[in-house]
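Everything on this sheet refers to the single structure shown next.
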Number of protein chains: 2
Amino acid sequence: MIQNNLAKTPNKAPGQKNCPGDDPRERLLLAAGREFAEKGYEAATVRDICLAAGVNLAAVNYYFGDKRRLYIESVKHAHEERMRQVPEPDWAAGTPADRKLHDFVGNMLERMLGSDQPPWQVRLMLREVLQPTEACRELVEDYFRPHFELLVAILDELAAGRLDEPNLRRAALSVIGQCFLYRAAGDVVGMLVPAEERAVLHTPRELAAHVTRFTLAAIGAGPPLAAASRCDDSPRPEASST
Amino acid sequence: MIQNNLAKTPNKAPGQKNCPGDDPRERLLLAAGREFAEKGYEAATVRDICLAAGVNLAAVNYYFGDKRRLYIESVKHAHEERMRQVPEPDWAAGTPADRKLHDFVGNMLERMLGSDQPPWQVRLMLREVLQPTEACRELVEDYFRPHFELLVAILDELAAGRLDEPNLRRAALSVIGQCFLYRAAGDVVGMLVPAEERAVLHTPRELAAHVTRFTLAAIGAGPPLAAASRCDDSPRPEASST
DNA sequence: ACTTGATTAAAACACCTGTTTGAAACAGGC
DNA sequence: GCCTGTTTCAAACAGGTGTTTTAATCAAGT
């Protein structure tokens, strides 16, 4: 009768868990993620979460034991789901590096901003980035570091070995920073840029083009933005191996 | 006896308000700012704030009427104080634009990261940026927009009129984004970069140098990072000097 | 010295929070 | 049938929250 250790997973139907109203545990994870993402850990209440999930108040204790553990699990869940939603691009051998960079940036912006509207999973992860808790380290190792290393490798290819590791890392952070701003400070950016300009130029696709051009020029693998340079016309063909 | 409208300012000694233990209102504003910056709006309690400020619990109601209004006032207060602490650079006429960019970036990083440790005022403003409340619009108009316009003007000077307004704005956001990342996601950056490298290269001074070089190269006003270009040796003298 | 108004202090007030309880409902095994 | 373990439910708990009240204190003003 006394439930000292938590019920990991309900006993019924362990095979089929994709039905929407199926698993109360799954429903809790989903509702909790949404609520935490929107309001933050403190402001989100387990009562609202349970109400949104359509489960009893005691379920959070039954399945997770604690609000804190529910939060951690919901972060992991969101991150796993988001990884499934947006897979890393897989390039054919011989794809030019500048194309890879463009795809990578586009992919990252797509994941951050979403094609239609920013997904709550990213907002939840953003909270972890800004104020790390226990769930953060895992998030970094499983999710951010592989992407980061991939970006560094692409930049290394673009620089053709002319940049050492520290400079490659800083350049990678410059790329990420450019994208990250639109995600984290999107509201403020929206106040600084005219609305019509935002509607046209601040789409994931346009932003990806801008960030890619900006970065290629910065590391010397593409023409500068203000393109009236001395060595124009030939935008450095060395990095477009094809 | 009944205090329907709030006491705007205490009656005693309106002239001298710089004494540390002087004005309870001032002390509340300070303690509230610190507390809100560290824990966020919901997690910070008026009891802790009053304890830290050394005032009675009822003082927050007496001077501000409300927790929410105390928060808003503390944000404004922090922003005003931070503006006083780090004044905008004032260049002599004829200062080369690339020098201006370097100073601007250094100033922004200094303000964001602090020379010794990140100031709580910025952390408080950061929260507003990430999740705007009523205090945000005022913050943007009074604080961010002037800096943003200044940066756009510098970039315009560097591009020598070869970039239109939208592109200038996007370039400015690229500059801000590069700096912003280290502030907002500093912890995650710290996990991705080796500690010794961070200690040496992730200081405001070094970061300013990197961001400036990156940006100058991107808009075509400086040599690219991987500097083995075809038109090498002469890194576009139009904006050099120093 | 008395009055007046502003300020402080302690206690109490509702209300909401995360968490726990104990019993009821449900399943499958014998 | 009955029993067993799992899952749900409504109610209550203990503690903390923002806010309000009430009286006490203080500093002039006259």
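Below, chain A is the first sequence line, B the second, and so on; all start at residue 1.
Summarising the geometry, the separation between CZ on B:Arg25 and C1' on C:dA6 is reported as 15 Å, rounded to the nearest angstrom. Whole-Å rounding puts the B:Asp48 CG to D:dG16 P distance at 11 Å. Rounded to whole angstrom, the span from the CG atom of A:Asn61 across to the C1' atom of D:dC13 amounts to 14 Å. Rounding to whole angstrom units, OH of residue A:Tyr62 and P of C:dT21 are separated by 15 Å. Atom CG in B:Asn56 sits roughly 14 Å away from atom C1' in D:dG18 (whole-Å rounding). Distance CZ (A:Phe64) to C1' (C:dG18): 16 Å, rounded to an integer number of Å. Atom CG of A:Leu57 is separated from atom P of C:dT19 by 10 Å (rounded to the nearest Å). When rounded to the nearest whole Å, the span between CG of A:Leu28 and P of D:dT7 equals 14 Å.
Nearest nucleotide to the B:Lys67 side chain, out of D:dG18, C:dA10, C:dT21: D:dG18. Minimum atom distance to the side chain of B:Val46 is reached by D:dG18, of the listed C:dA10, D:dG18, C:dG18. Side-chain proximity of A:Asp66 to C:dA11, C:dA6, C:dT19: nearest is C:dT19.
Checking B:Gly54 against A:Arg68, the closest nucleotide of DNA chain C that is more toward the 5' end is the one next to B:Gly54.
For A:Arg47 against C:dG18, a side-chain-to-base donor-acceptor contact under 3.5 Å is present.
With sequence neighbours excluded, no residue satisfies salt bridge (Lys or Arg N to Asp or Glu O under 4.0 Å) with A:Arg47. With sequence neighbours excluded, the residues satisfying salt bridge (Lys or Arg N to Asp or Glu O under 4.0 Å) with B:Arg170 are A:Glu206.
Between B:Glu73 and B:Arg69 there is no salt bridge, since no side-chain nitrogen of the basic residue lies less than 4.0 Å from a carboxylate oxygen of the acidic one. Salt bridge A:Glu42/B:Lys39: absent, no basic N to carboxylate O contact under 4.0 Å. Taking a cutoff of 4.0 Å between a charged side-chain nitrogen and a carboxylate oxygen, B:Lys76 and B:Asp142 do not qualify as a salt bridge.
Contacts with DNA chain C (heavy atom under 4.0 Å) in residues 30-43 of chain B: none are found.
Annotation: cation-pi geometry satisfied between A:Arg68 and A:Tyr41 (NZ/CZ under 6.0 angstrom from ring centroid, within 45° of ring axis).
Contacts of A:Ala58 with the nucleic acid, taken as non-hydrogen atoms under 4.0 Å apart, include base atoms.
Heavy-atom contacts from other residues, nucleotides or ligands closer than 6.0 Å to CD of A:Glu38 number 12 or fewer.
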